[in-house]
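For ligands, and for the atoms within them, numbers begin at 1 and follow the listed sequence.
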Amino acid sequence: MSKGTKVPGYMQGKGSRNPRGIIGDREIRYKCSLQNTILDVLRGRPGWQEVPGQNNVQQNVQTNAKQQGFQSIPPITRNSDGDWDFYWCDREWLAQNYDTMFLYEHQKILHFRNHYELTRKNLMVKNLKRLKKQTEREQGKAEGLSFEFFPTTYELPSEYHIFVEEFKKNPGIIWIMKPAARAQGRGIFLFRRLKDITDWKKGEYQPLSDPNREVPETYVVQRYIENPYLIGGRKFDVRVYVLVVSYNPLKVWLYRSGFARFSNTRFSLDSIEDTYVHLTNVAVQKNAPDYDPDKGCKWSTQQLRKYLAAKHGVEAVKKAFKGIDNIIIKSLQSVQKIIINDKHCFEMYGYDVLFDSDLKPWLIEINASPSLTASGKEDYDLKFGLLNDLLNVLDLENRLTGKEKRIGGWDLLWEDGPILADDGNMECTPNGTTASIPNSFLGCHNDRKRQLRELYTAAQSIKKS
Ligand code: ADP
């Protein structure tokens, strides 16, 4: 299909008549490379139609070329061919196809090309350190303090010598080693003595000419948070969902619901080798001998917020959750100039945040493919609503006005600057004038269905008038 060919049903209106590149009177065609909740959501969405076959666009182009008897297969320069409007693809597919892909105005695809700038542990820290330094230079040291939300971290092997200096300055503290590009707790260990990482270092000093030289995997070594906030004696971290629909200008939505993931075993610093105590990943915890699959190890973010408010007061909790907003915005700003912005791309990040015993939130990591597989009924309902609302925000159906600050459970946190809330929410917003209340409602009541009903009715009447 050539660049100028009209996609059936796609309204290629000009300028103000169709500024957002919407789909007209036909069904919306989607592809999905996952077999979990997202596929259920897409299949259940009225007017959406699955394009058969997965991850096979490139293959089809080659097969067609062969069938048509080309002597040699021409290089592929057009991958999309307009056969889908929405593609929930995996990162590998995007990496292989993005550079040769042509997309029509209206097409939407998951992931930005170089999402790893934020989601690889070493790159995330590198980008944060850079923006922190720049902020200190331009706005002073005090402003730089707003970046004190990620633990001291070094990349290994490249920063090994700086790490050793830091290690010697802080005798007795615990460090955590994490492979930069792995997930689900794999390859992670804690240590107190330098000697514990010598095995890992072995490959580094073998001569380059040695054919058996093992190239050491890139790790980050990070100060371990030794005083996590405990509930019932157990450590937890919080999964926060963040949707970026544009990096330039930066436009960010924050989902109200999420969950806290608890470790199954009581916290103690006596047994630093016990991953069931120290790693809160579900993938790790579900293998614990006394793990109860019915009970799981999760609390909703609403449950967590209520618990903390009852214990420490509403204001202390607001302050702690405001710290999470700061983490989200600063981390995204740290890659804003690096991410290849593309109006077709969006990203749903899963942030992992850990509270310490002073209720200070720490950024642990950011995932570009947060798990969408449900661990139980409640988890399924959360993810189903989350993803449905994500599609509501993207609004391929063009039912909204584009000016909304809340869509279902997503609240607009940032659009080239902070967004302020229209209405106060006693439970979640600070006292004071509404003008100063940020549009941030993490862990607040999520009455998404009612809100959507009202929103669509209001949008319809605005559009009519
Ligand atoms: P992965 O990508 O393998 O999940 P994470 O960086 O998320 O790696 O770490 C896994 C878990 O280890 C986290 O969920 C958290 O419970 C724990 N953890 C990681 N880094 C730290 C840290 N600096 N201090 C305390 N706990 C940590």
K.L.:
List the closest protein heavy-atom neighbour of atom 12 (O) of ligand 1: residue, atom name, distance to the nearest 0.1 Å.
P.N.:
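Here the nearest protein heavy atom works out to Leu279 CD2, 3.2 Å.
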K.L.:
Please confirm whether Arg239 makes a cation-pi placement over Tyr351, using NZ or CZ under 6.0 Å from the six-membered ring centre and within 45° of the ring normal.
P.N.:
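No, a cation-pi geometry is absent between Arg239 and Tyr351.
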K.L.:
Can we call the ring centroids of Tyr229 and His312 under 6.0 Å apart?
P.N.:
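Distance test on ring centres: under 6.0 Å, yes.
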K.L.:
Check each heavy atom of Lys235 against ligand 1 and say whether those closer than 4.0 Å belong to the side chain, the backbone, both or neither.
P.N.:
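The answer is the side chain of Lys235.
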K.L.:
Take a 6.0 Å sphere around CD of Glu378 and say whether it holds more than 12 heavy atoms from other residues, nucleotides or ligands.
P.N.:
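Atom CD in Glu378 is not crowded, with 12 or fewer foreign heavy atoms closer than 6.0 Å.
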K.L.:
For atom 24 (N) of ligand 1, what's the nearest protein heavy atom and its distance?
P.N.:
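Heavy-atom neighbour on the protein nearest atom 24 (N) of ligand 1: Ile225 N, 2.9 Å.
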K.L.:
Taking 4.0 Å as the limit for heavy-atom contacts, which would you say applies to Thr280 with ligand 1: side chain only, backbone only, both, or neither?
P.N.:
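For Thr280, the contact with ligand 1 is made by both the backbone and the side chain.
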K.L.:
Using a 4.0 Å heavy-atom cut-off, which part of Arg223 comes near ligand 1: side chain, backbone, both, or neither?
P.N.:
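For Arg223, the contact with ligand 1 is made by the backbone alone.
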K.L.:
Is it the case that more than 12 heavy atoms not belonging to Lys319 sit under 6.0 Å from its NZ atom?
P.N.:
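Counting neighbours around NZ of Lys319, 12 or fewer heavy atoms of other residues, nucleotides or ligands fall under 6.0 Å, so no.
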K.L.:
Could you identify the single nearest non-hydrogen protein atom to atom 9 (O) of ligand 1 and state the distance to 0.1 Å?
P.N.:
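So the nearest neighbour among protein heavy atoms is Ile188 CD1, 3.6 Å.
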K.L.:
Which ligand 1 atoms, with their elements, are less than 4.0 angstrom from a heavy-atom of Arg182?
P.N.:
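Answer for ligand 1: 2 (O).
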K.L.:
Applying a heavy-atom cut-off of 4.0 Å, say which part of Lys121 lies close to ligand 1: side chain, backbone, both or neither.
P.N.:
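Answer for Lys121: side chain.
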K.L.:
Are more than 12 heavy atoms, taken from residues, nucleotides or ligands other than Lys311, located less than 6.0 Å from that residue's NZ atom?
P.N.:
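No, NZ of Lys311 has 12 or fewer neighbouring heavy atoms, counting only those of other groups under 6.0 Å.
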K.L.:
Could you tell me whether Pro151 and ligand 1 have an N or O pair separated by under 3.5 Å?
P.N.:
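No, since none of the N or O atoms of Pro151 sits under 3.5 Å from an N or O of ligand 1.
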K.L.:
What protein heavy atom sits nearest atom 2 (O) of ligand 1, and how far off is it?
P.N.:
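Its nearest protein heavy-atom neighbour is Glu365 OE2, 2.5 Å.
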K.L.:
Write out the residue and atom name of the closest protein heavy atom to atom 14 (O) of ligand 1, then the distance separating them to 0.1 Å.
P.N.:
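Heavy-atom neighbour on the protein nearest atom 14 (O) of ligand 1: Asp237 OD2, 2.9 Å.
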K.L.:
Heavy-atom distance under 4.5 Å between the side chains of Phe355 and Phe236, does that happen here?
P.N.:
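Of all side-chain heavy-atom pairs linking Phe236 with Phe355, at least one is under 4.5 Å.
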K.L.:
May I ask you to check whether over 12 heavy atoms, not counting those of Lys322, lie within 6.0 Å of atom NZ?
P.N.:
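No, NZ of Lys322 has 12 or fewer neighbouring heavy atoms, counting only those of other groups under 6.0 Å.
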K.L.:
Under 6.0 Å from the ring centre and within 45 degrees of the ring axis: does the NZ or CZ of Lys235 meet both conditions for the six-membered ring of Tyr276?
P.N.:
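No; the conditions do not both hold, so Lys235 does not lie above the ring face of Tyr276.
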K.L.:
Would you check whether Lys178 has a nitrogen or oxygen atom less than 3.5 angstrom from a nitrogen or oxygen atom of ligand 1?
P.N.:
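Between Lys178 and ligand 1, an N or O pair is found under 3.5 Å apart.
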K.L.:
Looking only at N/O atoms, are Ile176 and ligand 1 under 3.5 Å apart anywhere?
P.N.:
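Not met; the criterion fails.
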K.L.:
Could you tell me, atom by atom, which parts of ligand 1 come under 4.0 Å of a heavy atom of Arg261?
P.N.:
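Checking each atom against Arg261, I get 14 (O).
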K.L.:
Could you identify the single nearest non-hydrogen protein atom to atom 10 (C) of ligand 1 and state the distance to 0.1 Å?
P.N.:
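Checked against all protein heavy atoms, atom 10 (C) of ligand 1 sits closest to Asn281 OD1, 3.1 Å.
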K.L.:
Strictly by modelled atom types, are Gln285 and Asn281 linked by a side-chain donor-acceptor pair under 3.5 Å?
P.N.:
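Not at all, the side chains of Gln285 and Asn281 share no donor-acceptor pair under 3.5 Å.
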K.L.:
In the protein, which heavy atom is nearest to atom 25 (C) of ligand 1, and how far is it?
P.N.:
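Heavy-atom neighbour on the protein nearest atom 25 (C) of ligand 1: Tyr224 CE1, 3.1 Å.
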K.L.:
Is it possible for you to check whether Lys31 lies under 6.0 Å from the centre of the six-membered ring of Tyr87, through NZ or CZ, and within 45° of that ring's axis?
P.N.:
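So Lys31 does make the cation-pi contact.
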K.L.:
Check ring-ring contact (aromatic ring centres under 6.0 Å, His included) between Phe267 and all other residues, then give those that pass, not counting sequence neighbours.
P.N.:
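Testing Phe267 for ring-ring contact (aromatic ring centres under 6.0 Å, His included), a comparison that skips the adjacent residues, returns His278.
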K.L.:
Can you list the atoms of ligand 1 that are under 4.0 Å from a heavy atom of His278?
P.N.:
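What qualifies from ligand 1 is 16 (O), 17 (C).
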K.L.:
What residue and heavy atom of the protein are closest to atom 3 (O) of ligand 1, and at what distance?
P.N.:
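Answer for atom 3 (O) of ligand 1: Gly185 N, 2.6 Å.
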